[in-house]
Amino acid sequence: MSNDPVILRPVIENDLPMLERFLTDPEATGPFQWLGWSDPGRWRRRWAQDGLLGDEGGQLMVASGADRLGFVAWRKVVTSRSSYCWSIGAQLLPEGRGRGVGTQAQRLLTRYLFAHTPVVRLEADTEAENIAEQRALEKSGFTREGVLRSTVFRDGQWRDVVRYSVLRGDIS
């Protein structure tokens with residue numbers, strides 16, 4: 001991995017094969033994200049439609065220098081007739097894990113979404129057993145809100161998730 005700072009940038013066409021790995025390679029996803037085989041063509045179709053940056057959500061590449069380390073994503077969660085928040089997530093390749101890259105990427109995404117959208121709340125869920133992601137969210141300024149029981153079906157069983165949030169006023 002490069003010693004350059006972690007940055008977020010829009011997805012370009014050359015990034016699509018790397019993104020497809022997350023849908024076809026269990027080793028790339030890691031133990032908490034592999035949910036079975038999925039249509040790898042969905043990235044390419046959506047990229048052709050809106051560059052993976054739309055009104056309902058988006059994705060940005062996580063990079064350091066020339067190294068592509070994964071992506072961050074957000075999707076709109078409608079909370080009432082007149083309001084919404086963003087649910088965010090990060091997915092890193094094995095070479096990007098365990099080095100603070102996820103923490104940095106989630107901080108950058110938080111700043112980006114608060115700077116460019118009017119939402120007051122971001123939320124993130126992670127499996128209760130995914131301690132590394134919980135630490136990354138906490139270091140990124142997120143607050144643990146509670147456990148949602150039996151929310152994700154992975155590897156033959158239902159799993160609990162921990163919900164985190166950060167409010168616009170929490171970020172200095």
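Side chains are part of it too, since the values below use all heavy atoms of this structure and drop only hydrogens, waters and symmetry mates.
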Going through the distances and angles, do Val119 and Phe114 end up as a side-chain contact (heavy atoms from CB on, under 4.5 Å)? CA-CA 7 Å; Val119 299; Phe114 283 147; 4.2 Å; yes
Testing the basics here: between [X] and [Y], what is the closest heavy-atom pair and its distance to 0.1 Å?
| X | Y | result |
| --- | --- | --- |
| Leu23 | Trp43 | CD1-NE1, 2.8 Å |
| Glu145 | Ser165 | OE2-OG, 2.6 Å |
| Val6 | Ala105 | CG1-N, 4.4 Å |
| Glu127 | Gln134 | O-NE2, 3.4 Å |
| Leu93 | Phe22 | CD2-CZ, 3.7 Å |
| Asp15 | Met61 | OD2-CG, 3.3 Å |

Do the non-hydrogen side-chain atoms of [X] and [Y] ever get within less than 4.5 Å of each other?
| X | Y | value |
| --- | --- | --- |
| Trp74 | Leu109 | yes |
| Lys139 | Arg107 | yes |
| Asp160 | Thr151 | no |
| Glu133 | Gln106 | yes |
| Thr143 | Glu138 | no |
| Thr126 | Phe32 | no |
| Leu8 | Val72 | yes |
| Leu19 | Phe71 | yes |

Please say yes or no: joined through hydrophobic side-chain contacts below 4.5 Å, possibly via intermediate residues, are [X] and [Y] part of one cluster?
| X | Y | value |
| --- | --- | --- |
| Val77 | Tyr84 | no |
| Val147 | Val152 | no |
| Leu148 | Tyr164 | no |

Determine, for [X] against [Y], whether the closest basic-nitrogen to carboxylate-oxygen distance falls under 4.0 angstrom.
| X | Y | answer |
| --- | --- | --- |
| Arg144 | Glu123 | no |
| Arg163 | Asp125 | yes |
| Glu20 | Arg44 | yes |
| Asp55 | Lys76 | no |
| Arg121 | Asp170 | no |

Heavy atoms from other residues, nucleotides or ligands near CZ of Arg149 exceed 12 (cutoff 6.0 Å): no
Check the pair Leu69 / Ser64 against side-chain contact (heavy atoms from CB on, under 4.5 Å), numbers first and verdict last. CA-CA 7 Å; Leu69 303 174; Ser64 180; 3.9 Å; yes
Between CE of Met18 and CG of Asp25, what distance do you get to the nearest 0.5 Å?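 Spacing of CE (Met18) from CG (Asp25) equals 11.5 Å.
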The test is side-chain contact (heavy atoms from CB on, under 4.5 Å); show your working for Leu53 and Leu60 and say whether it passes. CA-CA 8 Å; Leu53 295 170; Leu60 295 169; 3.9 Å; yes
How are the rings of Trp34 and Trp37 set relative to one another: parallel (under 30°), tilted (30 to 60°) or perpendicular (over 60°)?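 The rings of Trp34 and Trp37 stand perpendicular, inter-plane angle above 60°.
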Which of Leu122, Leu113, Val120, Thr110 passes side chain to side chain contact (heavy atoms under 4.5 Å, CB included) with Arg168? Answer is Val120
